[in-house]
Protein chains: 2
Amino acid sequence: MSITIGEVTIGEAARLSGVKVNTIRFYEDRGLLPAPPRSDGNQRLYGDDHVARLRFIRHARDLGFPLPEVAELLDLAHRPEAPCDAADAIARRQLAEVQRRISQLQSLAGELERMIGFCAHDRVATCRILETLADHALCATDHHAGRDATSDVAIGTASHAGP
Amino acid sequence: MSITIGEVTIGEAARLSGVKVNTIRFYEDRGLLPAPPRSDGNQRLYGDDHVARLRFIRHARDLGFPLPEVAELLDLAHRPEAPCDAADAIARRQLAEVQRRISQLQSLAGELERMIGFCAHDRVATCRILETLADHALCATDHHAGRDATSDVAIGTASHAGP
DNA sequence: CTTGCAGCTACAGCGACTGTAGATGTTACG
DNA sequence: CGTAACATCTACAGTCGCTGTAGCTGCAAG
Ligand SMILES: [Zn+2]
Ligand SMILES: [Zn+2]
Ligand SMILES: [Zn+2]
Ligand SMILES: [Zn+2]
């Protein structure tokens with residue numbers, strides 16, 4: 001029975017939230033997680049609210065929201081009486097972004113399938129894959145990577161199920 | 001009429017290949033593009049072979065191949081009599097990777113659609129989007145971001161069509 | 001009282017560039 | 001020939017979202 005209920009070390013918070021220790025400190029640095037009180041020995045002590053916040057961040061990251069949007073969503077979540085339009089808008093933007101990336105990747109996949117399909121598995125000199133890489137005119141579609149079209153959506157650290 | 005035909009500056013090479021000037025120097029640094037001869041004034045002079053190589057790199061990057069695979073593919077392309085199995089294998093790996101990312105993103109999109117669909121557009125306190133972010137148990141699927149599942153496939157600098 | 005793990009700060013590194021500063025080179029115009 | 005405008009040079013910082021390391025200190029158990 002400690003002095004206050006629910007005060008846990010950073011390691012415990014990591015286990016409870018699925019966010020790695022280093023990442024928790026990183027989020028604090030980034031302003032996503034408020035700096036918690038410290039013990040006599042200068043160690044961070046987290047309460048349930050911090051852990052809940054970490055879980056929220058983790059889940060939003062898993063869904064691909066970038067950190068600035070996660071911060072916005074966290075702010076919104078603390079204004080219960082406000083309308084939720086802003087949150088909806090962020091989610092819709094994120095969905096649109098994910099869909100954009102899906103279609104970009106589908107066009108890449110199609111092009112890759114095509115060049116693999118045309119390859120006769122012979123010598124390099126006649127390999128359709130290498131020919132195609134040397135000349136985009138052999139491609140069926142544009143599949144151009146329009147400015148971060150296929151960049152990261154969510155990297156995640158591990159699964160919700162833990163390591 | 002210059003001393004040798006087809007010797008172009010880095011800016012010309014950039015225009016001809018669609019690879020940015022800085023990026024060309026970056027590729028040289030990374031060993032993807034051999035260091036070209038220099039002019040009297042120490043400026044790089046590229047021939048058609050360099051430009052072709054740059055185009056190859058550009059195209060492979062647009063298709064999402066990471067730089068190490070691009071390097072392998074370039075090496076292979078210079079051994080015309082070798083069998084093309086290795087190139088095929090790289091392309092297949094890349095396709096598998098792209099497909100993995102597509103399905104990851106599709107699961108994200110599904111989850112995002114679900115939470116957006118359930119939102120009643122009322123107050124934050126009852127917003128399904130924020131509730132869901134706070135609790136993964138409200139999600140229909142796992143959609144976990146398994147170690148770089150959704151990370152970048154190709155960022156690209158601009159389209160083949162130019163800027 | 002020591003051992004060993006957990007936590008602390010601070011910083012380097014990933015991938016694949018992009019952008020900048022400050023110094024030269026080159027070219028066009030007058 | 002001078003000079004202005006632009007291209008290129010090197011070298012390095014910054015992007016994103018972490019991850020991992022080094023070198024400390026703290027803390028509980030034997
Ligand atoms: Zn082949
Ligand atoms: Zn193509
Ligand atoms: Zn809502
Ligand atoms: Zn979820």
Side-chain angles (χ1 to χ4, degrees), chain A residues 2 7-15 17-33 35-46 54 57-58 60-71 97 101 145 147-158 163, chain B residues 2 7-15 17-33 35-46 54 57-58 60-71 97 101 145 147-158 163:
Chain A
S2 52
E7 290 207 314
V8 295
T9 64
I10 198 169
E12 265 294 297
R15 238 164 295 126
S17 67
V19 179
K20 288 190 179 168
V21 167
N22 273 349
T23 309
I24 294 177
R25 291 195 278 248
F26 170 74
Y27 287 157
E28 181 181 324
D29 188 58
R30 286 296 139 119
L32 276 119
L33 189 68
R38 305 281 187 123
S39 74
D40 291 351
N42 198 35
Q43 297 190 211
R44 290 170 179 84
L45 290 178
Y46 295 99
L54 280 170
I57 297 171
R58 172 79 150 92
R61 289 292 304 128
D62 277 354
L63 287 162
F65 292 91
L67 291 189
E69 337 297 88
V70 176
E97 179 63 18
R101 285 169 190 183
R147 190 52 103 238
D148 81 2
T150 51
S151 70
D152 67 314
V153 160
I155 286 180
T157 46
Chain B
S2 53
E7 289 207 313
V8 295
T9 63
I10 197 169
E12 264 295 295
R15 238 165 296 126
S17 67
V19 179
K20 288 190 180 166
V21 167
N22 273 348
T23 308
I24 294 177
R25 291 195 278 249
F26 170 74
Y27 288 157
E28 180 182 326
D29 188 59
R30 288 294 135 120
L32 275 119
L33 188 68
R38 303 282 186 126
S39 74
D40 292 351
N42 198 36
Q43 298 191 208
R44 290 168 178 85
L45 290 178
Y46 295 100
L54 280 171
I57 297 171
R58 172 80 151 90
R61 289 291 304 125
D62 276 354
L63 287 162
F65 292 91
L67 290 189
E69 336 295 86
V70 176
E97 180 63 17
R101 285 170 190 183
R147 192 49 104 235
D148 79 5
T150 51
S151 70
D152 68 314
V153 159
I155 286 181
T157 46

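FYI, side chains are in, hydrogens and waters are out, and symmetry mates aren't considered; it's all heavy atoms of this structure.
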Given atom [atom1] of [X] and atom [atom2] of [N], what is their separation to the nearest angstrom?
| X | N | atom1 | atom2 | answer |
| --- | --- | --- | --- | --- |
| B/I57 | C/dA16 | CD1 | C1' | 13 Å |
| B/D62 | C/dA16 | CG | P | 13 Å |
| B/D40 | D/dC9 | CG | C1' | 15 Å |
| B/Y46 | D/dC9 | OH | C1' | 11 Å |
| A/R61 | D/dT19 | CZ | C1' | 14 Å |
| B/F26 | C/dT20 | CZ | P | 18 Å |
| B/R58 | C/dA16 | CZ | C1' | 13 Å |
| A/D29 | D/dT19 | CG | P | 15 Å |

To the nearest 0.5 Å, what is the distance between [atom1] on [X] and [atom2] on [Y]?
| X | Y | atom1 | atom2 | value |
| --- | --- | --- | --- | --- |
| A/I24 | A/R58 | CD1 | CZ | 11.0 Å |
| B/N22 | B/I10 | CG | CD1 | 8.0 Å |
| B/L54 | B/T23 | CG | OG1 | 10.0 Å |

Discussion item. Applying side-chain contact (heavy atoms from CB on, under 4.5 Å) to B/Y27 and B/L67, what does each step give before you reach the verdict?
Written reply: CA-CA 9 Å; B/Y27 288 157; B/L67 290 189; 3.9 Å; yes
Worksheet, complete the sentence: With the side chain defined as heavy atoms from C-beta on, B/K20 is closest, among C/dC17, D/dG17, C/dT18, to C/dT18
Practice prompt. Using a 4.0 Å heavy-atom cut-off, write out nucleotides 7-14 of chain C from 5' to 3' as B (base contacted by protein), S (sugar-phosphate only) or - (no contact).
Written response: SSB-----
Can you tell me if the side-chain N/O atoms of [X] get under 4.0 Å from OP1 or OP2 in [N]?
| X | N | value |
| --- | --- | --- |
| A/R30 | D/dC16 | no |
| B/T23 | C/dT18 | yes |
| A/Y27 | D/dC18 | yes |

Item to complete: Show your working on side-chain contact (heavy atoms from CB on, under 4.5 Å) between A/V19 and A/I57 and close with a plain yes or no.
Response: CA-CA 9 Å; A/V19 179; A/I57 297 171; 5.8 Å; no
Discussion item. Going by salt bridge (Lys or Arg N to Asp or Glu O under 4.0 Å), name the residues that satisfy it together with B/R25, two or more places apart in sequence or in a different chain.
Written reply: none
Worksheet entry | side-chain contact (heavy atoms from CB on, under 4.5 Å) between B/R44 and B/R38, intermediate numbers included | CA-CA 4 Å; B/R44 290 168 178 85; B/R38 303 282 186 126; 3.3 Å; yes
Item to complete: Select from B/S39 and B/L67 the residue whose nearest nucleotide in DNA chain C is closer to the 5' end of that strand.
Response: B/L67
